[in-house]
Amino acid sequence: MKKIFAALLSASFLLSPIVASEASAADHRRPPVVVEKKVVVRPHWSRGYRMSAAERHRYAEVRDYRRYRLAPPPRGYHWVKADNDYLLVGIATGVISSIIAANR
């Protein structure tokens with residue numbers, strides 16, 4: 001009985017590296033985990049930038065400019081609120097004439 005127990009015990013010591021190597025090989029067969037991050041890039045407004053028609057329709061026009069302490073827009077321009085900034089944009093051309101950054 002002691003001989004059988006000793007044989008099983010020695011066999012378990014000999015087989016343990018084989019089982020461990022199979023487990024590590026199984027880890028290498030798994031597909032890698034890919035984490036994708038969504039990065040939101042805020043457009044940087046600058047004078048002279050021409051807004052596309054889609055951009056002009058996406059942002060809200062500010063009609064009550066006095067409420068926000070903005071100067072009255074000249075003829076052919078209107079104020080647009082975009083990303084907490086107020087832009088003075090040409091109605092026909094979409095060119096930004098002035099930028100007033102709101103408090104952040």
*Examine Trp45 and Val89 and state if one hydrophobic cluster contains both, with Ile, Leu, Val, Met, Phe, Trp and Tyr joined whenever side-chain heavy atoms are less than 4.5 Å apart.*
yes
*Just by distance, do the side chain of Ser52 and the backbone of Glu55 share a donor-acceptor pair under 3.5 Å?*
yes
_Between OH on residue Tyr49 and OG on residue Ser97, distance to nearest 0.5 Å_ = 16.0 Å
*Below 4.0 angstrom, N of the basic side chain to O of the carboxylate: do Arg63 and Glu61 qualify?*
yes
*Under 30°, 30 to 60°, or over 60°: which ring-plane class applies to Tyr86 and Tyr68, parallel, tilted or perpendicular?*
tilted
*Is the shortest heavy-atom distance from the side chain of Met51 to the side chain of Leu87 under 4.5 Å?*
yes
*Mind checking the CD1-OH spacing from Ile91 to Tyr77? Nearest 0.5 Å is all I need.*
10.0 Å
_Using modelled atom types and a 3.5 Å cut-off, is there a donor and acceptor pairing between side-chain atoms of Arg47 and backbone atoms of Ile99?_
no
_Closest approach of Leu88 to Pro74 (non-hydrogen atoms, all atoms of both residues)_ = CD2-CD, 4.0 Å
*asked:* For Tyr65 versus Ala71, what's the shortest heavy-atom pair and its separation?
replied: CD1-O, 3.8 Å
*Give a yes or no on whether Val62 and Ile100 share a hydrophobic cluster (residues Ile, Leu, Val, Met, Phe, Trp, Tyr; joining criterion: side-chain heavy atoms under 4.5 Å apart).*
yes
*Distance-minimising heavy-atom pair for Arg56 and Ala92*: NH1-O, 3.8 Å
